[in-house]
Amino acid sequence: MLLGLDLGTTNVKAAVTDREGRILGHGSVPVQLFHVGEGGVEQDLEEIWVATLEAIREATRSLDAARVQAIGISSQGGAMQMLDSRHRPIGRVISWLDDRGHRDDDALTAELGRDWFVRRIGHGRSGLAAGQLLRLRRECPSLLAESNRIGFVGDIIAGRLCGRAAHDGTSCGLTLLYNPNRQAYDPDLLARLGIREGQLPDLISPRRAAGSLLPEVARQTGLAAAIPVSAAIHDQYAAALGTGAVHTGDVMFGAGTAWVLLAVMDRLAEPVIDDAFACRHVAEGLYGQIVSLRNGGSALTWTLQVIGLAETNSDVIERMIESVEPGSDGLGFWPFLTAYGASGLVPGVKGRLAGLQLSQTSAHVLRAVVEGLACEFNRHLSFLHDAQIPVARLIMSGGAAASQATPQIIADVTGLPLVCMSGSEGSLLGAAILARGLIESGKSLAQLAAGMAPTGRPISPGQNTGFYREHYERYRQSLPSLQPNEP
């Protein structure tokens, strides 16, 4: 048996699987987010550690935990924890959701320029750990004393399990301290931040064990001591393994609160937009780019609340969407409901519902929102097309993947075949595949994923594809796009 851990932002999950990918046991324990000051978002590392142990015990409760042969770790990216010289936490985890470093990121980006960051970190600007480290140096310089350490949730939990804090390039890439060309921390950026590489976690291949499970952890969980424990990998790349997005031209996207896509390719390319994260894929010989729409399921949730359907059964919502003809009787939606606007559009662009008529109903509004999200998703795919990055197959996970209407609208708008992965355990299964890779070195991670990832439910573009091709063009032309020379 194999154990996968997923150290998420709001839940720590564990799953025990067999070598065919069947989940035999599952555990999930919530963890808190603390909102502090203006834009601060923090977590408690000790709460995350306790949740990890409890999730393991829950997943193995009805199983013989001692039969687990290896542990793989998937983790949220960029959640930073300051540590003292003995690796004890100083203060709380600074979440990747924390905005307090933006001022310093903006200043560093203005000083060094977009191209500097693109060449060094595969992203168009400073962000995440860089700005936070600059902020901490300004506010509390003693935190960055040379004797102190800088950790991230995934590698710290790996260290507590096996004695060595380690993560791979995908996890490190989402700290924005990593140079994907060098496959190492970027020395020039570290010098600008005034930190040494020795203060950071070990950076190792995901095919190598970070270490062996410590006896004390084995005693607390019932697992066998000395089984291999992986380095932490980023949860989006773990989900790519768990959904079989391991071929050039695959685009995996999670249809959750925000729709996030990961494009798989055979080369390391410049980020297709400044907000993209370019990195090596966890699977050998492949590369990826992560792009977020920033909106997604949150837009539909907001709509249901506004029109008084927040408590409505999902089957009823599904039937309402399907009851409306494509185009929603002329009703159109711009899904820009966060403060951050959208890539490639004028700063501060807001959401919009246009074309309202007395004949329209709440069902028209719901379908228009889904169509707007599908069009915005297709606009993000166009960033890949413009960069000559192949897009051959969409792999959809998250809550909306269980729907019939939403995947079909996406397939029709994009004109691409779609595979729906029901459930939300892609990252967990990917972590289990990673665990299997530690004990089966003769097979690539892509080969292991092919044997363990589910086949999914296929959706093909349908009879409305032609209509939606024109519908998307009208959507695209209606947007307040930046001109080519604008920043």
Side-chain angles (χ1 to χ4, degrees), residues 72 74-75 77-78 114-115 117-125 127-128 154 167-186 189 203-208 230-254 260-292 343 380-395 397 416 419 426-427 430-431 433-434 437 443-450 453:
S74 158
S75 180
R114 170 191 181 275
D115 291 345
F117 287 98
V118 166
R119 289 195 306 271
R120 285 168 172 80
I121 62 171
H123 191 67
R125 53 174 284 114
L128 294 169
H167 60 170
D168 85 319
T170 64
S171 171
C172 188
L174 268 290
T175 69
L176 292 183
L177 301 177
Y178 177 75
N179 187 320
N181 290 294
R182 296 170 60 101
Q183 300 183 62
Y185 292 106
D186 186 83
L189 181 55
L203 183 57
I204 67 174
S205 164
R207 297 309 306 267
R208 290 174 52 200
S230 81
I233 67 172
H234 186 252
D235 54 13
Q236 289 293 326
Y237 283 92
L241 281 182
T243 58
V246 290
H247 306 93
T248 296
D250 285 346
V251 176
M252 179 200 74
F253 73 101
V260 179
L261 64 88
L262 188 157
V264 182
M265 59 202 74
D266 60 2
R267 59 188 171 91
L268 182 62
E270 183 175 303
V272 295
I273 54 175
D274 286 354
D275 293 334
F277 298 86
C279 192
R280 288 177 179 265
H281 198 296
V282 67
E284 301 90 330
L286 294 174
Y287 303 82
Q289 290 206 24
I290 296 175
V291 181
S292 174
S343 297
H380 278 68
L381 290 182
S382 75
F383 299 145
L384 301 173
H385 291 301
D386 292 346
Q388 298 184 329
I389 292 172
V391 178
R393 181 177 69 137
L394 305 179
I395 301 172
S397 62
L416 291 168
V419 177
S427 296
I433 293 169
L434 184 68
K443 293 182 179 179
S444 70
L445 288 177
Q447 289 173 317
L448 295 176

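Excluded from the calculations below are hydrogen atoms, water molecules and symmetry mates; all remaining heavy atoms, backbone and side chain alike, are included. Along the sequence shown, residues carry numbers from 1.
A side-chain donor-acceptor contact under 3.5 Å links Q289 to the backbone of V272. Checked by atom type and distance alone, the side chain of R125 never pairs as donor or acceptor with a backbone atom of F117 at under 3.5 Å. With D115 contributing its side chain and V118 its backbone, the two residues share no donor-acceptor pair below 3.5 Å. With hydrogens and angles ignored, the 3.5 Å screen pairs a side-chain donor or acceptor of S427 with a backbone N or O of D235. Under a 3.5 Å cut-off, the side chain of T170 and the backbone N or O of H234 do form a donor-acceptor pair. In this structure, the side chain of S171 does not engage the main chain of D168 through any donor-acceptor pair within 3.5 Å.
Between atom CE of residue M265 and atom CD of residue Q388 there is a gap of 12.5 Å, rounded to the nearest 0.5 Å. With values rounded to the nearest 0.5 angstrom, L434 atom CG is found 9.0 Å from S74 atom OG. Summarising the geometry, atom NE2 belonging to H123 is positioned 9.0 Å from atom CD1 belonging to I273; distances are rounded to the nearest 0.5 Å. A distance of 12.0 Å separates CG of L268 from CG of L286, quoted to the nearest 0.5 Å. A distance of 10.0 Å separates CG of L262 from CD1 of I395, quoted to the nearest 0.5 Å. Rounding to the nearest 0.5 Å gives a distance of 11.5 Å between CD1 of I121 and CG of N181.
Looking at F277 and L176, their side chains come closer than 4.5 Å, going by heavy atoms from C-beta outward. Under the 4.5 Å side-chain criterion, counting only non-hydrogen atoms from C-beta, Y237 is not in contact with P206.
Looking at every heavy atom in both residues, A232 comes nearest to S75 through CB-CB, 4.5 Å. Annotation for S230 and G72: closest pair OG-CA, 3.4 Å, computed over non-hydrogen atoms. Nearest heavy atom pair, residue P180 against residue R280, reads O-NE, 3.8 Å. Nearest heavy-atom pair, L416 versus A392, reported as atom, atom and distance to 0.1 Å: CD2-O, 4.2 Å. Of all heavy-atom pairs between A283 and A446, the closest is CB-N, 4.5 Å.
No more than 12 heavy atoms of other residues, nucleotides or ligands shown are found within 6.0 angstrom of CZ on R182.
With respect to C172, the side-chain contact (heavy atoms from CB on, under 4.5 Å) criterion is satisfied by exactly one of L203, I204, I233, N179: L203. V391 pairs in a side-chain contact (heavy atoms from CB on, under 4.5 Å) with only one of the listed residues (V264, V251, L261), which is V251.
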### Task
Run the numbers on D186 and R120 for side-chain contact (heavy atoms from CB on, under 4.5 Å), then give the verdict.
CA-CA 7 Å; D186 186 83; R120 285 168 172 80; 3.4 Å; yes
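Sorted by first and then second residue, the side chain to side chain donor-acceptor pair (under 3.5 Å) pairs involving residues 240-250 (not counting sequence neighbours) are H247-D250, D250-R393.
Every residue meeting the side chain to side chain donor-acceptor pair (under 3.5 Å) condition with D275, not counting sequence neighbours, appears here in chain and number order: R294, S343.
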